[in-house]
Amino acid sequence: MRRETCIEHLIGLKKPAIKECASHFAPVNIALVKYWGKRDALLNLPNTSSLSLTLSLGTHTKLATTDECDKVVLNGVTQTNTSQMYTRTCRFLDLFRLPGLYFEVDTVNEIPTGAGLASSASGFAALVLCLDDLFGWNLDKKQLSIIARLASGSASRSLYRGFVQWHKGIQEDGMDSFAEAINTSWPELCMGMQIVCSDKKPIDSRAAMQQTLETSHLYQKWPDQVACDLVKVREALTTKDFTLLGKTSEHNALSMHATMLSSLPSVMYFLPESCAAMHKVWQLRKEGLEVYFTMDAGPNLKILCLEKDRATLQKELPALEFVPPLF
Ligand code: PMV
């Protein structure tokens, strides 16, 4: 009931003005300071704040009402009612269900699904935008980010462009755990995807986070590191210090993976190709090219560089797919 109470808090007094359907796009976001570990698993309340960069790819979703039964279509394929995508989507939609009302969700991801490329963040953010439109709530982004957080933590950051900070909050009901945009732009900043494998990951982030929290002795140090890293990245954004931004983001990502590696059983998202790409980045850096990486719950790397080095980097890493940030 605690999730329902949150929704009640945000939309309780609003009379639903139901439309037949709504369509929205939401972008993916890549965390530069990661969210890893929850203080409340039901409400997706994080142990730490986090900070991300929004990219120009994402998810297009159409949400329609029906009086038959729920239907979820992902990239043109109807999902069976036992699939993870179907159950996760419908369980979230249950929070907004009126008697006799069912939903048809038709969603298209511009990025591979479930491969650590943030498709659940853009997917649930797009769904929340559709819900706001369909029910005529007219909530502001901060309120929508709280609703998106209930579906997937990182989705709270996909309601905004540019750099975004998700504040961890301290309240039990999570009403102070929302994302907001950081008022700064950085047009010279480039991010590329080094996709080494687009398969669905072997363990999802929810289960991996929980396992880390429960069994990794290194995790105790994680909240303190995140607090320091957030200060450094905020400073880097203010002063446009790319070295500070890159170093801090890379270190933050590797530290997150170190907490996973030290859990029992160990969680390892790296593939041999991921490690090869990391070594390549380090070698390029040694040779004087300013390039850094970050990595999420999947084997693919996201590479950071400045516009002036983009062409050189593309030659060194021909498979790198640049995705412009969305400012
Ligand atoms: O929101 P989730 O449950 O998909 O978790 C996201 C976790 C990371 O991508 C690894 C880090 C982050 O902050 O996005």
Side-chain angles (χ1 to χ4, degrees), residues 28-37 50 52-53 55 57-59 74-75 83-85 88 109-123 152-154 190-216 218-219 222 246-287 289 291-305 313-323:
V28 295
N29 72 79
I30 302 299
L32 301 174
V33 179
K34 309 288 186 193
Y35 145 58
W36 197 252
S50 55
S52 61
L53 173 64
L55 301 182
L57 289 180
T59 304
L74 170 64
N75 297 336
S83 71
Q84 200 197 29
M85 170 78 185
R88 223 179 140 191
N109 278 339
E110 294 173 331
I111 20 92
T113 307
L117 292 167
S119 60
S120 72
S122 55
S152 165
S154 54
C190 297
M191 189 176 267
M193 306 272 169
Q194 182 72 16
I195 300 184
V196 303
C197 178
S198 306
D199 294 352
K200 226 170 149 342
K201 53 199 167 200
I203 172 167
D204 68 23
S205 50
R206 172 174 285 263
M209 261 183 219
Q210 198 53 28
Q211 198 161 300
T212 309
L213 198 77
E214 284 167 9
T215 65
S216 165
L218 293 186
Y219 187 80
W222 172 249
K247 264 191 187 161
T248 311
S249 308
E250 189 176 295
H251 184 229
N252 182 271
L254 287 172
S255 302
M256 174 184 73
H257 285 277
T259 69
M260 296 181 207
L261 287 169
S262 63
S263 73
L264 201 68
S266 189
V267 175
M268 190 201 253
Y269 286 110
F270 305 156
L271 290 177
E273 296 83 354
S274 326
C275 297
M278 289 180 204
H279 284 283
K280 177 75 181 173
V281 167
W282 290 330
Q283 180 212 323
L284 291 171
R285 224 160 53 221
K286 239 186 189 163
E287 291 166 10
L289 196 66
V291 50
Y292 301 90
F293 66 83
T294 182
M295 206 182 147
D296 294 284
N300 303 306
L301 273 69
K302 290 93 186 186
I303 311 270
L304 280 165
C305 73
L313 187 59
Q314 185 74 78
K315 271 191 212 127
E316 294 287 346
L317 291 169
L320 191 61
E321 290 174 40
F322 281 98
V323 182

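In this model, a donor atom of one side chain and an acceptor atom of the other lie less than 3.5 Å apart for Ser122 and Thr59. With no hydrogens or angles considered, no side-chain donor-acceptor pair links Ser52 and Lys34 at under 3.5 Å. Of the N and O atoms on the side chains of Thr212 and Trp36, at least one donor lies less than 3.5 Å from an acceptor on the other residue.
In this structure the side chain of Val291 never reaches within 4.5 angstrom of the side chain of Glu316, judged on heavy atoms. Under the 4.5 Å side-chain criterion, counting only non-hydrogen atoms from C-beta, Ser249 is not in contact with Asn252. Counting heavy atoms from C-beta on, the side chains of Met278 and Met295 come closer than 4.5 Å. Between Ile203 and Val267 the shortest side-chain heavy-atom distance falls below 4.5 Å. By the 4.5 Å heavy-atom criterion applied to side chains, Leu53 and Met191 are counted as neighbours. Put simply, the side chain of Ser152 reaches to within 4.5 Å of the side chain of Arg88, judged on heavy atoms. For the pair Tyr219 and Glu214, the minimum side-chain heavy-atom distance is 4.5 Å or more.
The backbone N or O of Ser262 lies less than 3.5 Å from no partner atom in the side chain of Ser266, so there is not a single donor-acceptor pair. Counting only distance, with no hydrogens or angles, the side chain of Gln211 and the backbone of Pro265 share a donor-acceptor pair below 3.5 Å. Here the side chain of Ser205 pairs no donor or acceptor atom with the backbone of Ala297 at under 3.5 angstrom. In this structure a side-chain-to-backbone donor-acceptor pair under 3.5 Å is missing from Asn300 to Ser198.
Closest heavy-atom contact between Val196 and Pro299: CG2-O, 3.3 Å. Nearest heavy-atom pair, Asp204 versus Ala207, reported as atom, atom and distance to 0.1 Å: OD1-N, 2.9 Å. Considering every non-hydrogen atom in both Leu320 and Gly192, the closest pair reads CD1-C, 3.6 Å.
Under the rule for a salt bridge (Lys or Arg N to Asp or Glu O under 4.0 Å), Glu273 has no partner lying at least two apart in sequence or in another chain. Residues satisfying the salt bridge (Lys or Arg N to Asp or Glu O under 4.0 Å) test with Arg285, not counting sequence neighbours, are Glu250.
Of the inter-residue distances, the one linking Thr294 atom OG1 with Met256 atom CE reads 6.5 Å to the nearest 0.5 angstrom. Distance check, rounded to the nearest 0.5 Å: CE of Met209 to OG of Ser263 gives 12.5 Å. The distance from atom CG of Leu32 to atom NZ of Lys302, rounded to the nearest 0.5 Å, is 11.0 Å. Atoms NZ and CG, from Lys286 and Leu289 in turn, are 14.5 Å apart once rounded to the nearest 0.5 Å. Glu321 CD to Leu57 CG: the interatomic distance, rounded to the nearest 0.5 Å, is 9.0 Å. Summarising the geometry, atom CD1 belonging to Ile30 is positioned 12.0 Å from atom CD1 belonging to Ile303; distances are rounded to the nearest 0.5 Å.
Ring planes of Tyr269 and His257: perpendicular class, angle over 60° (limits at 30 and 60°). Ring geometry for Trp282 against His279 counts as perpendicular: the plane angle is over 60°, on a 0 to 90° scale with 30° as the lower cut.
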CA sep, side-chain torsions, deciding dist, call: Leu313, Phe322, side-chain contact (heavy atoms from CB on, under 4.5 Å): CA-CA 10 Å; Leu313 187 59; Phe322 281 98; 4.2 Å; yes
